[in-house]
Each structure stands twice: as C-alpha cells, then as structure tokens.
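Report on the structure given below.
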There are 2 protein chains.
Amino acid sequence: MKKGRVTIIDIARELSIAPSTVSRALKDHPALKKETKDAVRALAKKLDYQPNLLALNLLQKKSNTIGVIVPEITSHFFSAIITGIQDVIGDSEYNIMICLSNESYEEEAVIIKKLLKIQVDGVLVSPTSETKNFDHFRTLQKNDIPVVVFDRDCPGLEADKVLVDDYAGAFQAVEYLIKSGCTKIAHLGGPLNLSTTKHRLQGYLDALENADIPIRKEYIEHVPGFSHDDGLKPAERLLKLEDLPDAIFAMNDNIAISAMHIARKMALKIPDDISIVGFDDEPHSSYFRPSLSTVWQPVYSLGMLSARIILHRLNDKGPQKNFRQEVFKPELVLRASSRECASRKNDKVKL
Amino acid sequence: MKKGRVTIIDIARELSIAPSTVSRALKDHPALKKETKDAVRALAKKLDYQPNLLALNLLQKKSNTIGVIVPEITSHFFSAIITGIQDVIGDSEYNIMICLSNESYEEEAVIIKKLLKIQVDGVLVSPTSETKNFDHFRTLQKNDIPVVVFDRDCPGLEADKVLVDDYAGAFQAVEYLIKSGCTKIAHLGGPLNLSTTKHRLQGYLDALENADIPIRKEYIEHVPGFSHDDGLKPAERLLKLEDLPDAIFAMNDNIAISAMHIARKMALKIPDDISIVGFDDEPHSSYFRPSLSTVWQPVYSLGMLSARIILHRLNDKGPQKNFRQEVFKPELVLRASSRECASRKNDKVKL
DNA sequence: AAAGACTATGCAAAGGTTTGCATTTTCCTA
DNA sequence: TAGGAAAATGCAAACCTTTGCATAGTCTTT
C-alpha cells in the first residue's frame, strides 16, 4: 500500500509502462494505442487518480489563480461584482483570490507584491480612492500578468477596462431633478481622486450648465469616505446654508441616506422641500421611506464581463495590446425621494 | 542575460557554489560561514531574488491556501466575517480562497472537490441551508485538512466550531418584547434545516413558555430564503390572521423589514400596533424609520477567531482532536421598532 | 605527525507532470 | 525476408527548492 495520493508513476508501475505514456493516455494523445489508453484510464479511475496541480503549477510556471483586488466587500456594490466574477471564473480552470485593499494605497501595493510572489496569472482590480500612481499595476504587466481594471478607472494606464458611464448617470439624474422643477441642486461628491467622483461631478456640472443654471461652489461638498457616517457632516453643511438647496444629488446611496437623515432632522419634507437622489441602487435603498431615487449600475454584469475579458487574455497569450474598454450604461431609478416631473412618462423608469 | 526570474541556481552559479548552500544561506543555516551567507544575501538582494513558491508548494505538498466557503457575500453578515478572516490570514503566510456555495448543497460539494484538487491546507466553512449531510467535510478531514465551522453549526460533525448563541439572542429579544407588554408574539423563522433557525426558534419558544404565554402554531412562519422578497408572503400570512400579532420576531433584518413593509401597507403603526425585532444588525437597519430593533452579532470577531483557530491547527500538526467550540454572545439592540419597556433602564442597551 | 573532532560545503534525491526526441515494435511492401 | 515506413512507447530533462548524508577541509590534541 502506498502512503500518499495516487500518482501517474503508481499507475505506470502497475501497468509496467512509462509515466509519460500514462500522461499521454490521460490526455488522449493520438499516438497511443487504444488499448493502452483504455487500460490506463480504467486503472486511473479505479485508483481515483487526481492529477497533482501543484506539480503542474511548477512545470507551467503558473498558479491557475486570478487575483481580485477590491477596496472592500461589505457594500453590496463590490460583493455583487465579485459574485459576477466568481460565477464566470468558477466554470474555468482558474481560481480567484480576493484581496481587500481597505481603500489604502499602501495595502494595495502590498497585495500586488503578494500576488506576484504567488505568481498569479491575472489580476482584476478596482483601485483604492488613494491610488494616484499606477506603477504597481505596470509591474504586473511587465511580468506578463494581464490586468483588467473595473469600475474605477486608472487614467493613463494601458489595460483592459470595464467601466460605468458615471458621467451619463449623473447627468441624467441631475437633468431629471431640473425637469422636476428643482433649481438649487447641490452635490455630495466622493473622494476627489476617484475617477467615478470626477465623472459624476462633471455630469452634475454639465447638466446644470446645459440648463443655464449657474454653478454655486457652496453647493458642492465632498465626503471623505463612502459610509453613512462620512456623509453626515458634509450633508449638514449643505443644509445649513442660508440659501437652502431644493435637491441633493449624492455620490452614492449611503451618502444620500445621510442627507435624508439630516434633512429629516431639520424637519424638511422629502421630496416636497428637498429632493434626494443617490447612486448605486443598493438593495435596501428601495425599502427606505421615502424610498430612494438613485442610479442603478449593472454590477453583476460588470463583474461577469471583467472576468470574461481576463479569461480571454489568459487563453490568448501573445503581447498585450488592443486593450478593450467597455462602458456600461447606468439607469436612473425614480422612487419617492424625488419629485414627480411633468414629462415623467417619457422617461425610462425602472421601479 | 537570463530569461525568466532569478533562481537559487543562478545565484549559485554566479558565486560558484552549490544551490543547496545558497538555500541554506538564505535561511540562515548555522553551519554556514558568515562570509558565504553575506555574499549570498548581497547577491540575492542585488538580483532581486524571489523564492519560487510554486516549487515550494510541490515540495511541501501544500498550497499555502485556506479555503473559505460561504453561502453568499452580498449580505453584510458574511462579508464582514470574511473581512475579519482576511485581516487575520493576511498577516500569515497563507492566502485565502473565497468560494460561494449560493446556498446550494450541490455547489458546496463541487467546491469541496475543487479545494481538494488544489490541495488547500485548511477550510473554513459555513454550510448552506440545504446541507444535512456532512460527509464532504469529513472527506476533507480524512485528507488531513482541518475544518473550522463558523456561524452555522453542523450537528454531529467533529470539528472546531465558532458559533453564536442564537438561542440566547432570540430568548432575549422575545423576553424583551414580553416585558414591553406584547403578548401575541409571532415568529418569522428561516429555512428549517439551519441550526441558526432551530436555535432562534427554540429561544422564541422558551421565552414564551418562560412567561407562561401559550404557543400558537399559526404565529410561526418560515421563510424560504433570506432576502427581503422571501419575507413578504410569510409576513403577509401573519398579518392577515384574524387575531393579529402585536409583535414579530424575525429571523434576520431583511425579513423584519419585509414585515415592516407589510405592516405599513396595512396601516399598522410600528411599534404602537405591532413591534418588530430583527436579527443581525445590518448597518442599514439603524437608518430605517422607524429604526429597527435587532440582535447584534460580533461578526468581525467571529471571522477573526475562526481564522486564528485554523492557523493554530495548521501550525500545530498532529492528529486532529480536542476540537474547540467557541460561542459568541449576541446583544439585543433596542431601537424604535419595538415599544419601550418599563424596566428598560436596567437592560444593557446598545444604540 | 597522525588521529580525531569539528566546520563548511556539495551531492543527489525527492516532489509529479509534461514533452521533444530517441528508440523500439509492428506492419507492409518489394 | 530484408528494408523501410509508420505506429507506439520510453528516456530524460525541465520546473525550483529543500535536506539527509557524504565529503572535503581545517584545526586541535596527544
């Protein structure tokens, strides 16, 4: 009786043939006699032979692992993306390794080093809100590790990218607020370094300009982070202005809910006194009262596409070029935290 | 110029010594001359030598990977546990591989096979709500892979376990409802197979019995899944009973919120007409109006402890025995969806 | 000066699989 | 039946590191 697991050598010995023949038999090599193949396969099955992937990894210099770097997973946004990624990668020969950067550039850099060390075959990454320099991603590429950036863009980095048209989402949202009669529209933006923050801000600005509404600096605040608590202070600043806004377009749903809280505390009626629109369409946003109008993003699809792209890169060796850039369209979801609008029937509405 | 990455052999050749000497120098083997060590270390640094973990894995027959199997990650509950796990494992030599079973026994079994194939060193698992048979976990153990079960128990499986005292949490919650004057307390339970469901149900039953309140079958409903939508129908059944309950203790926050919705739709006042208490303390539960009373669980700690236990097992080879069973105490969090209670001041309250 | 002790280093195997090339076996044809 | 082509299989290297044992070299002691 052998101790450990069954190897190709055990099978070879038992059948008095060479290990290489066994290997070929198991992969249906055309040069082999049918009988040999059958004998090998039968014995392999009988002994419950399991190929040793560790040996294969060494031989092929690859780990069959794809690293996924995200800032966090406690929000529905990233956990849904990961679910999409997992559902695609799960059917392939690859495994995914999820790494949390905690929105810290430093941790992100450490993760990259770790992934290099274990020789991941590819990396999917949504950079932290602190990341301004992308050289660590380029290091991956120099080591022939394809990188796919998702959701948060890395301007200047040449890589496959799967993004959301944040600009359009923001523009739509603010345009709707204007149509619904709001004129004093404030914005609660995210950390300034982030591409998503910038694009949503630009969408906000352009929608105002497009409607000939002057931009007021005091109506624009930026939050330090993405949690409910991060939004409270900035929301309070907006709602303590002398000339009170009649609408707030927030960077995400959590922040929008912070604004709702402050508004409620100040006895403002939503949406009569003030409309509030978020971004992300987190599942619980529809359960609030008033339910939150927001911008929906195809998170699951985003994850799936990112995964498909990296699988494609991995199968399709060769120099990395012709980078793809896919941009998903978000959709405005109108609920009860924003006023009705005369032309509402003409808008695409998702409830 | 060499093509690939620098190996121990490259260093050996350059210094005209044996690879084994290089290996020993890098691990500070006592038999080596200081000068040799220094020379090796200097060159290793200069060439930016990175040990090839793939080779090590093969040699040591281990993958340095810990599998983490969870039903899903889109809820705050599991994503927070994973964050705790990650924060502990991240500092070790191990990597974690997160696998989603989607509450499907079949998928869970497939995952186990995959983890065996890649030769994980250990597994952390919270079984699906369908899992009644634990032989697949025993298969892991037979292969000398330690298993740590967390949150959801596997009765009869001998393994390390990190659980929450669901019984006590439920008992406390229902006891409070009784103290606050409720007498017709209904329960929205989870899928019946789950240990957590059973224990919470038992806590509910015992709290009633303890107060001499007769148990009414029609006041007990079970939801098929954990999402908001899964709770709607069962909640409706409860609230359409002729003898309306004056309180609902729900399996989790999502279900509690389903109940809140149905109650509101029926113009019931919360908590005046009906008190509602959830379980889990999801972050958004405090933002609802009325804010949700619920039972808080130390999710992050639960993840960290599970991770520590498996690391300990991995360092501490030898036969698996003396399994640990750790049980965390949950805490009742009183908010606005339940009535005040005369003796409230005496309770430990977390807001 | 020789034996013994100790220090420093090298050799080679092991871990399991794949693959180009070499070799053997089989079969057909002249 | 020899020759050669074609079919089937084997050999050995490669992937990189670790480690028990062997060996070479140095020093000490009698």
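Below, read A as the first sequence line, B as the second, and so on, with proteins coming before strands; counting in each chain starts at 1.
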Nucleotide nearest B/T7 (side chain, heavy atoms from C-beta), chosen from D/dT17, D/dG10, C/dT18: D/dT17

Given DNA chain C, 5'-ward residue of the pair A/P19 and B/S16, judged by closest heavy atom: B/S16

Return the nearest nucleotide to the side chain of A/K33; candidates are D/dG10, D/dT9, D/dT17. D/dT9

Determine whether a donor-acceptor pair (N or O, by modelled atom type, separation under 3.5 Å) exists between the side chain of B/N102 and the backbone of B/S104. no

Across the strands shown, which category fits B/I17 at heavy-atom distances under 4.0 angstrom: base, sugar-phosphate, nothing? sugar-phosphate

Given C/dC11, C/dG20, C/dT17, the nucleotide with the shortest approach to the side chain of B/R24: C/dC11

Has A/S23 got a side-chain N or O lying under 4.0 Å from the OP1 or OP2 atom of C/dT18? yes

Indicate whether OP1 or OP2 belonging to C/dA8 is found under 4.0 Å from a side-chain N or O atom of B/T36. no

Output the rounded distance in Å from NZ (A/K34) to C1' (D/dA8). 16 Å

How would you label the contact of B/L59 with the nucleic acid (heavy atoms, under 4.0 Å): base, sugar-phosphate, or nothing? base

Which sits closer to the 5' end of DNA chain D, A/H29 or A/K61, going by the nucleotide each is nearest to? A/H29

Kindly say whether, by distance alone, the side chain of A/R5 makes a donor-acceptor pair under 3.5 Å with the base of C/dG16? no

Atom CD of B/Q60 and atom P of D/dC16 are separated, to the nearest Å, by 17 Å

Separation of B/L15 atom CG from C/dG10 atom P, in whole Å? 10 Å

When rounded to whole Å, the CG to P distance for the pair B/D28 and C/dT9 reads 13 Å

Are A/V40 and A/I17 close enough that some pair of their side-chain heavy atoms sits under 4.5 Å apart? yes

Would a 4.5 Å heavy-atom cut-off, applied to side chains only, mark A/E14 and A/L43 as touching? yes

Separation of C/dT9 P from B/E35 CD (nearest whole Å): 8 Å

Spacing of B/N52 atom CG relative to D/dT17 atom P, expressed in whole Å: 5 Å

Are OP1 or OP2 of C/dG10 and a side-chain N or O of B/T21 less than 4.0 angstrom apart? yes

Nearest-angstrom distance from the residue atom NZ of A/K117 to P of D/dT17: 13 Å

Need to verify one output field. Residue with the more 5' nearest nucleotide on DNA chain C, B/L56 or B/P30? B/P30

If you count heavy atoms of other groups shown closer than 6.0 angstrom to CD of B/Q50, is the number above 12? yes

Identify whether any heavy atom of B/L58 sits under 4.0 Å from a base atom; if not, whether one sits that close to sugar-phosphate; answer base, sugar-phosphate or nothing. base

Selection from C/dG10, C/dT18, D/dT17 that lies nearest to any side-chain heavy atom of B/Y49: D/dT17

Counting C-beta onward and ignoring hydrogens, is there a side-chain heavy-atom pair between A/L194 and A/S129 closer than 4.5 Å? yes

Do NZ/NE/NH1/NH2 and the carboxylate oxygens of A/D28 and A/R41 come within less than 4.0 Å? yes

Can you measure B/L53 atom CG to D/dC16 atom P for me and round it to whole angstrom units? 13 Å

